[in-house]
Amino acid sequence: HYAYGVYWAAMSARQMGIKRISVLEFGVAGGSGLVQLEQLSAEVEEETGVVIDVYGFDGGQGMPSALDYRDMPFIWQPGYFNMDIDALNKKLKKAKLVIGDVRMTASGFIGKYHPPPIGFISFDLDYWSSTVGGFTILNGEHDSYLPRIFCYFDDCVGDDWELHSEFTGELLAIQNYNCNHEYRKLAKIHGLMHKRIIPDRWNEKMHVLHRFDHPLYDRHIYPDQAWQMPLQ
């Protein structure tokens, strides 16, 4: 899922003449995923020529207390997924950790860090309330984003204990976001599993944030500039 999201974000940016992008992870936990995201971003940089900045957002002290039933406390508990910040920083080569309450760090991120356009975000915040807080990262001006942002939502397919639905957790946060934004919609990539050589459940977790009002949304990016189907 990291490789897919980062690669296609970089490919889309390259087709639009954008030479640098950002990729983000919300919910770093121990940090293995962020290390992998950093490594994959380096590979995609080499393949596409698009420079990629990497950021990881986390509270740094494990999960906070649940707000109410929408956070699914029958699964998630305070203190889950703690982080050794010093140990993780020693493993990271260029990725930057953004530590603190995501409701605050996400809303102030663009103004503080001035990142290149965001092209991929991995959301793994578990709670509905934390995911809603993370979504404040999406409130900036258009020049801070690609017109279509690849998004991975870890907690919409889980094991048999988790029982994800559109009434709780990340799926509810997605539904809330879509209801509150007329020209910006989080949508699954339909049929993605059928395009994979090796289908996997991460295929069901990939979405795209369509910013329909982005000035670059309608720019043609398909590689075939003269697509025809002549009569045979």
Side-chain angles (χ1 to χ4, degrees), residues 1-26 33-57 92-96 98 106 109-124 134-135 137-154 183-200 202-229:
H1 59 280
Y2 291 131
Y4 181 89
V6 174
Y7 177 78
W8 284 107
M11 289 292 287
S12 299
R14 188 172 75 173
Q15 289 296 97
M16 289 183 284
I18 296 171
K19 298 180 180 180
R20 191 180 194 112
I21 63 171
S22 298
V23 300
L24 283 50
E25 180 180 53
F26 277 88
L34 186 62
V35 171
Q36 187 179 45
L37 180 61
E38 180 184 70
Q39 293 169 347
L40 288 166
S41 295
E43 294 180 30
V44 173
E45 268 192 23
E46 185 174 353
E47 175 71 20
T48 64
V50 176
V51 178
I52 302 171
D53 294 357
V54 183
Y55 297 89
F57 292 74
L92 297 174
K93 296 179 179 178
K94 72 169 188 177
K96 295 181 175 65
V98 183
F109 171 69
I110 291 174
K112 181 176 181 180
Y113 289 86
H114 306 287
I118 298 169
F120 169 69
I121 307 175
S122 171
F123 288 99
D124 189 4
F135 281 173
I137 196 71
L138 306 174
N139 294 341
E141 299 298 323
H142 288 308
D143 59 0
S144 295
Y145 312 91
L146 296 187
R148 289 164 296 278
I149 304 166
F150 289 85
C151 296
Y152 169 78
F153 290 92
D154 187 69
Y183 294 108
R184 300 173 192 180
K185 302 294 182 183
L186 281 159
K188 282 182 63 176
I189 305 173
H190 286 283
L192 180 59
M193 182 174 292
H194 302 289
K195 297 188 283 185
R196 301 298 93 206
I197 295 174
I198 304 175
D200 196 270
W202 69 263
N203 307 156
E204 290 294 304
K205 304 179 182 185
M206 291 301 305
H207 292 63
V208 172
L209 172 59
H210 295 266
R211 295 176 68 100
F212 297 119
D213 54 348
H214 194 292
L216 297 179
Y217 190 86
D218 293 340
R219 179 173 293 185
H220 187 257
I221 64 169
Y222 193 72
D224 191 339
Q225 298 297 306
W227 194 359
Q228 303 295 334
M229 299 181 68

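Just so it is clear, the model here is predicted, and its values are computed rather than measured.
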So CD1 of Ile221 and OG of Ser12: to nearest 0.5 Å the spacing works out to 4.0 Å
Got Val6 and Val44 here, is their nearest side-chain heavy-atom distance under 4.5 Å? yes
Identify the two heavy atoms, one from Ser41 and one from Leu37, that lie closest to each other, and give their separation to 0.1 Å. OG-O, 2.8 Å
Scan His142, His210, Arg148 and name whichever one has a side chain to side chain donor-acceptor pair (under 3.5 Å) with Tyr217. His210
Dump the intermediate steps for side-chain contact (heavy atoms from CB on, under 4.5 Å) on Asp124 and Glu25, then the final yes or no. CA-CA 8 Å; Asp124 189 4; Glu25 180 180 53; 5.6 Å; no
What's the verdict on side-chain contact (heavy atoms from CB on, under 4.5 Å) for Arg196 and Trp202, showing C-alpha distance, side-chain angles and the deciding distance? CA-CA 11 Å; Arg196 301 298 93 206; Trp202 69 263; 4.0 Å; yes
Look at atom NE2 of His220 and say whether more than 12 heavy atoms of other residues, nucleotides or ligands are closer to it than 6.0 Å. yes
Look up atom CD in Glu141 and atom NE2 in His214, then write down how far apart they are to the nearest 0.5 Å. 10.5 Å
Closest approach of Gly134 to Ala106 (non-hydrogen atoms, all atoms of both residues): O-CB, 3.9 Å
If you take all heavy atoms of Met206 and His1, which pair is closest and at what distance? SD-CB, 4.0 Å
I want to check something: taking the side chain as every heavy atom from C-beta on, are Pro147 and Arg219 in contact at a cut-off of under 4.5 Å? no
Spatial distance of atom CG (Leu192) from atom CD (Glu204) [nearest 0.5 Å]: 8.0 Å
Closest approach of Gly119 to Ala9 (non-hydrogen atoms, all atoms of both residues): O-CB, 3.3 Å
Run the side-chain contact (heavy atoms from CB on, under 4.5 Å) check on Leu186 and Phe153 step by step: do they pass? CA-CA 11 Å; Leu186 281 159; Phe153 290 92; 4.1 Å; yes
Where the side chain of Glu45 meets the backbone of Ile52, is there a donor-acceptor pair that is under 3.5 Å apart? yes
Measure the spacing between CD1 of Ile21 and OG1 of Thr48 and express it to the nearest 0.5 Å. 7.5 Å
Which heavy atom of Met193 sits nearest to which heavy atom of Asp200, and what is that distance? CE-O, 3.6 Å
Using the ring of each side chain (for Trp, its six-membered ring), is Tyr152 parallel, tilted or perpendicular to Tyr2, with breaks at 30° and 60°? tilted
With rounding to the nearest 0.5 angstrom, report the CG to CD1 distance, Leu138 to Ile118. 7.5 Å
For Gly140, is there any backbone N or O sitting under 3.5 Å from a side-chain donor or acceptor partner on Tyr145? yes
Quick check for you: to the nearest 0.5 Å, what is the distance between Tyr222 atom OH and Trp227 atom CH2? 4.0 Å
For Lys112, does the NZ atom sit with more than 12 other heavy atoms under 6.0 Å from it, leaving out its own atoms? no
From the list Val23, Leu24, Leu92, side chain to side chain contact (heavy atoms under 4.5 Å, CB included) with Val54 holds only for Val23
Is Arg211 reaching over with its side chain to a backbone N or O of Leu146, donor-acceptor style, under 3.5 angstrom? no
Derivation and outcome, side-chain contact (heavy atoms from CB on, under 4.5 Å), residues Ile189 and Tyr4: CA-CA 12 Å; Ile189 305 173; Tyr4 181 89; 3.9 Å; yes
For Ala3 and Leu40, work out which heavy atoms get closest and say how close. N-CD1, 3.8 Å
Parallel, tilted or perpendicular: rings of Phe57 and Phe26 (30°, 60°): parallel
